[in-house]
Amino acid sequence: MKILVIGSGAREHTLVWKLAQSPRATEIFAAPGNAGTALIARNLPIGADDIESLAGAVRENGIDLVVVGPEGPLAAGIVDRFQALGIPVFGPTRLAAEIESSKVFAKDLMIRHGIPCGRSVTFSDYVEAKEYVRQQSPPVVIKADGLAAGKGVVVAESIPQALDALTDFMESKSLGASGDRVIIEEHLSGREMSTFVFTDGEIVVPLAYACDYKRAYDGDRGPNTGGMGSYTPPPFLTHGLDDIVQESIMKPTVSALAQEGRPYQSMLYGGLMITDEGPKVIEFNARLGDPETQVILPLLKTDLVDIIMAVIDGNLEKIDVECHQGACVGVVMASGGYPGSYRTGFPITGLGDLDEDILVFHAGTKQGERPGEVLTSGGRVLTVVARGETIVRAREKAYANISRIHFDGCHYRRDIALIEET
Ligand code: AMP
Ligand code: GLY
């Protein structure tokens, strides 16, 4: 099979890496890809949101399967487009992807079907939203309805901060139409983790659980980022918790979507807060997480092409999704200044000096002019990933290797997966 992976981040490099291991894969393409995908796939210079050019490339190259990484093209209906062309594609349809692209839709769906989540009220009127916020006690959570590249959620520690967020989203339109409606949600406390499940629209097969780090600096300080690191499995995950999450959240959500005429066939990501009252949904994503994918797929034993084809063909019951024992830790190396402004074009050194079992997934990288030269080209540059018997061991290996990689201005968190094992 010729397989095209859409996107250019470390998540997509990881997908390319895993798909390339399948005996069914003859050639892998990435669009647009990065310097990492270029080592094992053929990069096509087409943006992830340019659906018509992607469709053209699929026809020209005789591609048999398309795997979509990011949310943008999903929300724009890329899956519907490829389905209409009769090309097998892994991702939810536009309507099913609304579980991520409209937080209001996701919230209403959960309420209609009794899926546990924080209490909230939705507003499309700025004045009414402000009045409501003034009656709350902090912290209070303000969420823009639409896609916002990680900028759509403000956990406000004070009422003035919450009001500022409303002004930003609803008046100044900092996120465009994504802020036309907002959700004002109760603040949930507890431990955060995400679950990743495959579903063919009916059957739900859990793949993994992971934790990620959204803030830029150690100790969860600094601005929000696309994600600075991740590890799997969460040490507080028990069989009991796994059961509750799958039975009370993931399976009911997949059936709810099917009942409402939006069958969801793909990977579903549940972002959860484990509260004293049990797990509650913070958000759903209609895709794999970044940087969670970088730690989850290295532990997946089963052929990913087999799983994806079973999802698309609606016979997931035929597949055993098996994972390796152990833990996996991924640390993101970012450009100086990220998530604010940063410079690019710096050579990356040390990639050849790493232990054999270390994985480096590229994001903002491009090939330099000299053979083998790799340059920075984005905010998040690399995810350095190590597997180990325990999180502590995997963590040690990741950091021992990361210190051998250099580029000007590079920064990364020192506290990824720094946890007490239970
Ligand atoms: P999201 O973009 O939905 O992943 O939200 C970003 C982050 O905001 C989450 O990872 C949580 O840490 C936090 N968050 C979102 N909703 C809540 C909530 N209701 N209570 C507490 N924290 C929240
Ligand atoms: N790691 C969070 C996300 O992919 O949305």
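For this chain, numbers begin at 1 and follow the sequence in order. Both counts, for ligands and for their atoms, begin at 1 and track the order of listing.
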When you check the gap from the basic side-chain N to the acidic O, do E247 and K251 get nearer than 4.0 Å?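 Looking at E247 and K251, the cut-off is met.
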
Geometry only, no angles: is [X] polar-contacting ligand 2 at N/O separations under 3.5 Å?
X	answer
E283	no
K214	no
R11	no

Only heavy atoms of [X], strictly under 4.0 Å: list the atoms of ligand 2 that pass.
X	value
D212	1 (N), 2 (C)
N285	5 (O)
E292	1 (N), 2 (C), 4 (O)
G289	4 (O)

Suppose we measure from [atom] to each protein heavy atom; which comes out shortest, and what is that distance?
atom	value
atom 15 (C) of ligand 1	I282 CG2, 3.2 Å
atom 3 (O) of ligand 1	E283 OE1, 3.1 Å
atom 2 (C) of ligand 2	Y269 OH, 3.2 Å
atom 19 (N) of ligand 1	E185 OE1, 2.6 Å
atom 13 (C) of ligand 1	V155 CG2, 3.8 Å

Tell me whether K143 reaches ligand 1 (any heavy atom closer than 4.0 angstrom to a ligand atom). yes

Selection from V153, V154, L188 by shortest heavy-atom distance to atom 6 (C) of ligand 1: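 The residue whose heavy atom sits nearest atom 6 (C) of ligand 1 is V153.
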
Looking at non-hydrogen atoms alone, which of E192, M273, R119 comes nearest to atom 10 (O) of ligand 1?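 Ranked by closest heavy atom to atom 10 (O) of ligand 1, first place is E192.
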
Could you report the tightest heavy-atom contact between A35 and V374, atom names first, then the distance?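 Scanning both residues, the minimum pair turns out to be CB-CG1, 4.0 Å.
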
Counting only N and O atoms by type, is there a donor-acceptor contact under 3.5 Å from the side chain of [X] to the main-chain atoms of [Y]?
X	Y	answer
S335	G378	yes
D303	S22	no
D64	K2	yes
T122	I183	no
D80	T93	no

For R287, is the nearest heavy atom under 4.0 Å from an atom of ligand 2? yes

Within a distance under 4.0 Å of any heavy atom of K214, pick out the atoms of ligand 1 and give their elements. 4 (O), 10 (O)

Could an N or O of ligand 1 be found under 3.5 Å from any N or O of H187, whether backbone or side chain?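 In this structure, H187 places no N or O atom under 3.5 Å from an N or O of ligand 1.
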
Do the side-chain N and O atoms of T383 and Q294 include a donor-acceptor pair separated by under 3.5 angstrom? yes

Compute whether any side-chain donor of one residue and acceptor of the other, for T195 and Q246, lie under 3.5 angstrom apart. yes

Among R287, E292, E71, side-chain hydrogen bond (donor to acceptor under 3.5 Å, both in side chains) partner for Y269: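 It is E292; the other options fail the test.
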
Ring of Y213, cation from R215 - is the NZ or CZ under 6.0 Å from the centre and inside 45° of the axis?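 Judged by the rule (NZ or CZ under 6.0 Å from the ring centre, within 45° of its axis), R215 is not positioned above Y213.
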
